[in-house]
Amino acid sequence: MAAMAGVGQQWVLVEMVQAFYEAPAYHLILEGILILWIIRLLFSKTYKLQERSDLTLKEKEELIEEWQPEPLVPPVPKDHPALNYNIVSGPPTHIITVNGKECINFASFNFLGLLNNEKVKSAAQSSLKKYGVGTCGPRGFYGTFDVHLELEERLAKFMRTEEAIIYSYGFATIASAIPAYSKRGDINPRKARVTRRFIVVEGLYMNRGDICPLPELIKLKYKYKVRIFLEESLSFGVLGQHGRGITEHFGINIDDIDLISANMENSLASIGGFCCGRSFIIDHQRLSGQGYCFSASLPPLLAAAAIEALNIMEDNPDIFQTLRAKCERIHKALQGISGLKVVGESFSPALHLQLEESCGSRENDVKLLKRVVDYCMNSGIALTQARYLEKEEKCLPPPSIRVVITVEQTEQELDKAASLLKEAAQSVLN
Amino acid sequence: MANPSAVCNGHLHHHHHQKQNNLLKSGISKKNGITKGTKKNGVSNGTLYKKTFIEHFEQAPMYVAVFTFVGFAVGTIFGYLRDFMRAWGLEKRNIATEREQQKDFVPLYQDFENFYTRNLYLRIRDNWNRPICSVPGPQFDLMERVTDDYNWTFRFTGRTIKNVINMGSYNYLGFAETDVNALKTVTIELEKYGTGVCSTRQEMGTLDKHVELEKLVATFLGVEDAMVFGMGFATNSMNIPALVGKGCLILSDELNHTSLVLGARLSGATIRIFKHNNMQSLEKLLRDAIIYGQPRTHRAWRKIIILVEGIYSMEGSIVRLPEIVSLKNKYKAYLYLDEAHSIGAVGATGRGVVEYFGMSPNDVDVLMGTFTKSFGAAGGYIAGKKDLVDFLRTHSHSAVYATSMCPPVAEQIIRAMRCLMGLDGTTQGLQRVRQLEKNTRYFRRKLHEMGFIIYGNDDSPVVPLLLYMPGKIGAFARRMLEKNIGVVVVGFPATPITESRARFCVSAAHTREMLDTVLNALDELGDFLHLKYSRYSKSSHPELYEESRLELED
């Protein structure tokens, strides 16, 4: 058997040698080249992506040494407009002392003039005597005072909703309310459209002074099954016959709005904010509103001041009419200033004056408007430019001067302001 | 949030490793022949900590964990049972419901989210949101509140429970007071300025009071400049996005407060989490970040910022500041320190963890803190170099869009800070700090001796006492109230689900008698509810605790 195999093998070998001799030359050469090529491939290094995990310790240390971070903050130019802000000495009331000069205040949002009201101050004083200043805890851990509960009840009654919830910071109010209902955390609360289920609108837009078309929105709400969140910082205490805001202004049933949020820092001359609506909606925020659960509650003296301010609003419903009349008056008086156009509804207590033609860049516009403002301040009217974080706004409004009307301004003062603005525009812009 | 499943063994290993590492690093290198630890950090750890740093995180016995899970399981089963009965109308439905007209809208809440709220939280929710009607000093008056329908609704009987000892409010230095002399300047300023400001910082809202306050804060902390904001929570959530953005890396501690987490998320930077107070974990993350760069593109990070707190309010632990600063200097990262609970509460003169460890405020890039806890007011601040503060004045959301702090509150902070610094001519400030220190040590020592499991550092005035089982949360808080003591209990989701606790906040205003009353009550209640889980009832076994650097004074 082995012999047979041996013969078989030999036979194969002989055949091979014979084939070798009989093959044509080019065939042999080609095969030779192929074999050489295979041998070369087998022995050359394989091509790999340079892996960082192959770094030696020394190389890692070098990388760590070499890395330079950016500076923590980029340098701010010394003449940045926001660095040279106005310093107010004393209370920012009707007559305000700005940078040492006494002016009539057309810049603070003190619409109902409650900042200097004696009754409000004495309510705050008695609260101070009883409770001290701070609450030393969030609402869940002994930070709920009886004044907070009273304020929430009063607000709910005033706005004719089921329940209200207060926050200790105006900005945090809407910034905590919206994420409590939506899953994603990247919603900018000051802009109009939010995905899927909610429409967030402002009653009176602070950046433009115009009003939102609420009746049409209500129709859209039922048609498309979305919920409406209404932000009433400017319109609470201003619009409507009793100051209840835009729902009273348009005569809409308050239950149609899912959530109303407002801050108490404008009309109520206090600090903080509140949300009101049906219990179904508001109760959820008590456990998931981040600014409510994880932050200290509103100092009681501010809550007491807000309650007293509400009392005043309820007892004198005619101040809203007076305010509206003054707004109309100055709106008319400011028309026709050469170089500046008025932006805003005639009954909005905060209106904007924009340049009719821009001079090219935003920076130059801002500088020009600053000269107008300085002219007015030197002559006794305090104004301010509307400020924005330029990189953060999605639709940045053009630079403007903001004029704020309050109940305390007399008709002479309104006329004086209008004529002064005309003068300033004349001298600076022409 | 700590890993909820790391109950027994995971946790124990964690500490065991830490201890070993500490021994290795602490220079017993001669014994083991391993010098890697000390060489890596460059500085022998003996010189980093000037005083002993003792923290406890004792592990409960195994049966406790078992019973805790059983407790939650029972609660869940009953929850399903009740839901079933409510769905079939066998039990009353007390919750508010959607409007009739809006029934076909997309539902506002997930039903499951509410399961925990409805069936577990609701049963014991009378222990939270308790309204008070007096100043939150060392004692306060509670409004009596009863429920007729098992906590669905409450009503007030009109009576007040007087002189309840307050172990829940953040009143570390006792500045929440109504003493007429103390509040004299605040009263005057309230009369002069009123309560509101009605404008933002950049428009017409910067009052001379704010300028005065900011200068004082900067002097108090020993830095160049400071900026104050109206709300502590908002200080974090609005300024972290101004400092970092896309392309930056945030290294945040596991147990950071919600405001820091929110600020980090809003900034759009990449967030990586390191284990609580664990320097090895932090160092590994730093090294990996610099070596490997950003994910996928491997570009270098623009900057790396480390977010830590001074005292962690749920654990009572103090940050390991010297080690973090040496890491930060080595790897060129930036440090953001949130001293909400530690400013005023630790340190020889109340200047926070920076002073507690004997370091200079220039070591920390961004010093942040709040005025709510130790100063009895409201608001927050950020302090540091002048460039930093100028940048925040121009680029922070708060400066542009939010109303500034109200003047009477600013005055309260000014007078408290002046008292603390001794500028009002008395030593009252220092006395308060000393009293707080004494009270803290006494309280903690006694609790250890009684056999409770207490977390945290020996010097921190926040004292968490572990309850573990869900049934004991409600029982503990209610019985303490019956004894006229107001405590704070916390459970899931603020803590890991198996580690519910009661949290005491010691105050400088507590007298020895008050503390003794509380301790006696705790003793009784601990026996009654079987809360004394600790296996070491005398604090005299140094090798069993996680004491770093104590061995190293050689």
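Proteins get letters first, then strands, A, B, ... in listed order; numbering begins at 1 in each.
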Does A/Asp146 reach the side chain of B/Pro131, with side-chain heavy atoms less than 4.5 Å apart? no
With sequence neighbours excluded, residues passing ring pair (Phe, Tyr, Trp, His ring centres under 6.0 Å) with B/Phe375: B/Phe371
Could I get the full list of side chain to side chain contact (heavy atoms under 4.5 Å, CB included) partners for B/Ser267, not counting sequence neighbours? B/Pro241, B/Val244, B/Ile250, B/Ala269
Check whether A/Ile64 gets within reach of chain B through its side chain, its backbone, both or neither, counting any heavy atom under 4.5 Å. both
Please assess B/Arg287 against A/Glu61 for the test side-chain contact (heavy atoms from CB on, under 4.5 Å), listing each intermediate value before the final yes or no. CA-CA 9 Å; B/Arg287 289 180 74 84; A/Glu61 296 292 338; 3.2 Å; yes
Got A/Glu118 and B/Glu191 here, is their nearest side-chain heavy-atom distance under 4.5 Å? yes
A/Leu149 versus chain B, heavy atoms under 4.5 Å apart: side chain, backbone, both or neither? side chain
Tell me whether B/Lys303 contacts the main-chain N or O of A/Leu72 through its side chain, where contact means a donor paired with an acceptor under 3.5 Å. yes
Side chains of B/Pro136 and A/Phe145: closer than 4.5 Å at any heavy-atom pair? yes
Give the minimum heavy-atom separation between A/Pro92 and B/Leu207, together with the two atoms involved. CD-CD2, 4.1 Å
Of B/Leu388, B/Thr394, B/Leu392, which meets side-chain contact (heavy atoms from CB on, under 4.5 Å) against A/Val73? B/Leu388
Segment of A/Ala124 engaging chain B (4.5 angstrom heavy-atom cut-off): both
Whatever's closer than 4.5 Å to a heavy atom in chain B on A/Leu128 counts as both
